[in-house]
Amino acid sequence: MTINIDKKQFQQDLIGWFLAEKRDLPWRRTADPYQIWISEIMLQQTRVDTVIPYYKRFVEKFPTLHDLAKADEQVLLKEWEGLGYYSRARNLQAGVKEVAENYGGIVPDNRKEFSSLKGVGPYTAGAVLSIAYGIPEHAVDGNVMRVLSRILLIEEDIAKPKTRKIFEEAVTEIISHDDPSSFNQGLMELGALICTPTSPKCLLCPVREHCTAFHEGKQQDLPIKTKAKKNKAVQYAMVAVKSVDSVLMEQRPSAGLLANMWQFPMLELAKEVLPFEIEEELSESFSGRVDGVEKITSFKHVFSHLTWNVDGYIAKGENLKIPAHMKWVTAAELDLLPIAGPVQKMKTALQLRGDV
DNA sequence: AACTCGGGGTA
DNA sequence: TACCCAGAGTT
């Protein structure tokens, strides 16, 4: 594509603004490629304000690459609990382990090697390489596509995968080779603070004079993005089966939604059911006796692509034959298991009743 | 290319 | 509600 801006002047205006106005974020206080890597993984599809406390706890718990490489996965997932997209945590550890074993513990400083690691895609590779190593690599995220779609008046649909390549080529063309880190971060900072999705603050924009959309009054119409399809709903029963001093928990499969996270045993339901039907279903699946089933709560949990409608039950179980992915835990042990949002809602309901 | 994968802030 | 967020992996 043809780029009709004054590159040098644009770089100077953008970087000058960034250096003067950048937010004081915890990952901007380190030069450690490992810690910058962590921040970029956490920031995927996740807001800065959400990440900050997780990042601080995480680097305190796993200060070096080797600390994370040797960490227990349950402990790792517990640190990630509530942040979402849990495969990020497991992929990050897989990548870190590979660096420890195959790269002498040194994070690779080139795109080919670094982006071969688990969880490191085109954006994260460019972000870490430019920020940690000062290498002029593109780092195109949602902010960058929005900002550049306006500045360069790019009207391709940013929801389409191949559109990202257009922006990568554009960044490669205009990136500063003197300060690639500030250039890439400047584009993202601009997207976060000034060139926002709705109501961009053009009158405060340091690169307004370079912006084609602003000159043509089209900043509100960009970027072009087609709509995502909406999600589906699924009905579940979530059952806290209690014995004398423990409750039954099950671990989810190692792949798919909430992989390896724990939950109270769940039954997918075709329709609304009565408590005695829950009782029959559970007694049969455990070849034992489950009784006293009582509904204690009901809630909805919305994921990005599906919705869980959950009825929460409590029950008593004796002499159950439980499968390998389940175990009985005490209240103290329960607090150590990584659980996702819907399970946390159930746990809270149980705690309010004094049941766990 | 389309789908999967969380959770929360915001208009 | 619907959209968006410092995206990547799988199919």
Side-chain angles (χ1 to χ4, degrees), chain A residues 18 22-23 25-28 36-55 77 80-92 94-95 114-132 137-147 157-165 167-168 171 181 183-193 195-200 220 223 225-232 252-261 300-308 338-345:
Chain A
F18 174 72
K22 64 180 179 181
R23 291 168 290 179
L25 303 175
W27 45 90
R28 288 180 176 161
I36 293 170
W37 182 6
I38 292 170
S39 74
E40 291 301 339
I41 299 299
M42 287 187 169
L43 286 162
Q44 290 170 8
Q45 296 294 289
T46 311
R47 290 183 149 69
V48 165
D49 289 340
T50 303
V51 168
I52 289 173
Y54 282 91
Y55 174 83
L77 287 174
W80 210 271
E81 181 182 286
L83 196 54
Y85 286 142
Y86 299 95
S87 64
R88 290 184 296 178
R90 300 190 304 132
N91 288 339
L92 171 60
F114 188 46
S115 61
S116 76
L117 303 174
K118 276 281 199 228
V120 179
Y123 163 76
T124 302
V128 174
L129 291 172
S130 61
I131 297 170
E137 290 280 353
H138 59 73
V140 174
D141 71 338
N143 282 313
V144 172
M145 288 198 283
R146 181 175 60 257
V147 169
D157 182 1
I158 67 169
K160 295 192 177 306
K162 74 174 183 184
T163 302
R164 197 191 69 241
K165 292 186 174 61
F167 290 92
E168 289 174 348
V171 172
S181 170
F183 184 90
N184 279 341
Q185 291 188 79
L187 283 180
M188 294 187 277
E189 195 81 343
L190 194 63
L193 301 181
C195 197
T196 46
T198 59
S199 310
Q220 294 280 7
K225 181 169 185 167
T226 55
K227 316 243 189 270
K229 61 166 199 167
K230 52 189 209 177
N231 64 9
K232 295 178 186 174
R252 296 179 59 85
S254 59
L257 182 65
L258 307 177
N260 285 359
M261 304 284 280
K300 177 167 74 170
H301 188 88
V302 180
F303 296 95
S304 45
H305 63 297
L306 78 162
T307 298
W308 283 7
I339 60 176
V343 187
Q344 183 60 57
K345 289 174 182 171

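Hydrogens, waters and symmetry mates are skipped; everything else that's a heavy atom, side chains included, is used. Every chain is numbered from 1 and lettered A, B, ... according to where its sequence line falls, protein lines coming before strand lines.
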May I ask you to verify if any side-chain N or O of [X] is less than 4.0 angstrom from the OP1 or OP2 atom of [N]?
| X | N | value |
| --- | --- | --- |
| T124(A) | dA8(C) | yes |
| H305(A) | dT4(B) | no |
| Q44(A) | dG7(C) | no |
| H301(A) | dG7(B) | yes |
| Y85(A) | dC5(C) | no |
| R146(A) | dC5(C) | yes |

Would you say the side chain of [X] and the base of [N] hold a donor-acceptor pair, judged only by whether the two atoms sit under 3.5 Å apart?
| X | N | answer |
| --- | --- | --- |
| R88(A) | dC5(B) | no |
| Y123(A) | dG7(C) | no |
| S304(A) | dG6(B) | yes |

If you check the [X] side chain, which of [options] turns out closest?
| X | options | answer |
| --- | --- | --- |
| K225(A) | dG7(B), dA6(C), dC5(C) | dC5(C) |
| D141(A) | dA11(B), dA6(C), dA1(B) | dA6(C) |
| L257(A) | dG9(C), dA6(C), dC5(B) | dC5(B) |
| W27(A) | dA6(C), dG9(C), dG6(B) | dA6(C) |

Q: Measure from the side-chain N and O atoms of R146(A) to the backbone N and O of G191(A), and report whether any donor-acceptor pair falls under 3.5 Å.
A: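 Yes, because the side chain of R146(A) sits within donor-acceptor range (under 3.5 Å) of the backbone of G191(A).
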Q) Can you check whether I339(A)'s main-chain N or O pairs, donor with acceptor, with Q344(A)'s side chain at less than 3.5 Å? A)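 No.
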[X] [atom1] to [N] [atom2], straight-line distance once rounded to whole Å:
| X | N | atom1 | atom2 | answer |
| --- | --- | --- | --- | --- |
| N143(A) | dG7(C) | CG | P | 7 Å |
| D49(A) | dG9(B) | CG | P | 9 Å |
| R164(A) | dG9(C) | CZ | C1' | 13 Å |
| R90(A) | dT4(B) | CZ | C1' | 13 Å |
| I158(A) | dC4(C) | CD1 | P | 7 Å |
| D157(A) | dA1(B) | CG | P | 11 Å |
| E81(A) | dG6(B) | CD | P | 13 Å |
| L306(A) | dT4(B) | CG | P | 9 Å |

Q: Let me know, please, whether R23(A) or V120(A) comes out on the 5' side of the other along DNA chain C by nearest nucleotide.
A: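 Nearer the 5' end of the strand: R23(A).
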On a whole-Å scale, what distance lies between the [atom1] atoms belonging to [N] and [M]?
| N | M | atom1 | answer |
| --- | --- | --- | --- |
| dC3(B) | dC3(C) | P | 16 Å |
| dC5(C) | dC5(B) | C1' | 15 Å |
| dA8(C) | dG9(B) | P | 24 Å |
| dG8(B) | dG9(C) | C1' | 23 Å |

On a heavy-atom basis, which atom in [X] and which in [Y] lie closest, and how many Å separate them?
| X | Y | value |
| --- | --- | --- |
| G95(A) | W37(A) | C-CH2, 3.5 Å |
| F114(A) | A125(A) | CD2-CA, 3.7 Å |
| G119(A) | T124(A) | O-OG1, 4.5 Å |

Would you tabulate the side-chain donor-acceptor contacts of residues 83-90 of chain A under 3.5 Å, counting partners in other chains and residues two or more places apart, or write 'none'?
unit_1: Y86(A); atom_1: OH; unit_2: G82(A); atom_2: N; d: 3.0
unit_1: R88(A); atom_1: NE; unit_2: Y85(A); atom_2: O; d: 3.3
unit_1: R88(A); atom_1: NH1; unit_2: I41(A); atom_2: O; d: 3.1
unit_1: R88(A); atom_1: NH1; unit_2: M42(A); atom_2: O; d: 2.9
unit_1: R88(A); atom_1: NH1; unit_2: Q44(A); atom_2: O; d: 2.8
unit_1: R88(A); atom_1: NH1; unit_2: T46(A); atom_2: OG1; d: 3.1
unit_1: R88(A); atom_1: NH2; unit_2: L83(A); atom_2: O; d: 3.3
unit_1: R88(A); atom_1: NH2; unit_2: G84(A); atom_2: O; d: 3.0
unit_1: R90(A); atom_1: NH1; unit_2: S254(A); atom_2: O; d: 3.4
unit_1: R90(A); atom_1: NH2; unit_2: S254(A); atom_2: O; d: 3.2

Touch class at under 4.0 angstrom, heavy-atom based, for [X] against every strand present:
| X | value |
| --- | --- |
| A139(A) | nothing |
| G191(A) | nothing |
| L83(A) | base |
| W308(A) | nothing |
| N184(A) | nothing |

Q: Using heavy atoms to find the nearest nucleotide of DNA chain B for T50(A) and A255(A) separately, return the residue whose nucleotide is more 5′.
A: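 With T50(A) and A255(A) compared, the 5'-side residue is A255(A).
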Q) Can you name the one residue among I131(A), L129(A), V128(A) that meets side-chain contact (heavy atoms from CB on, under 4.5 Å) with E137(A)? A)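 Considering I131(A), L129(A), V128(A), a side-chain contact (heavy atoms from CB on, under 4.5 Å) with E137(A) is found only for L129(A).
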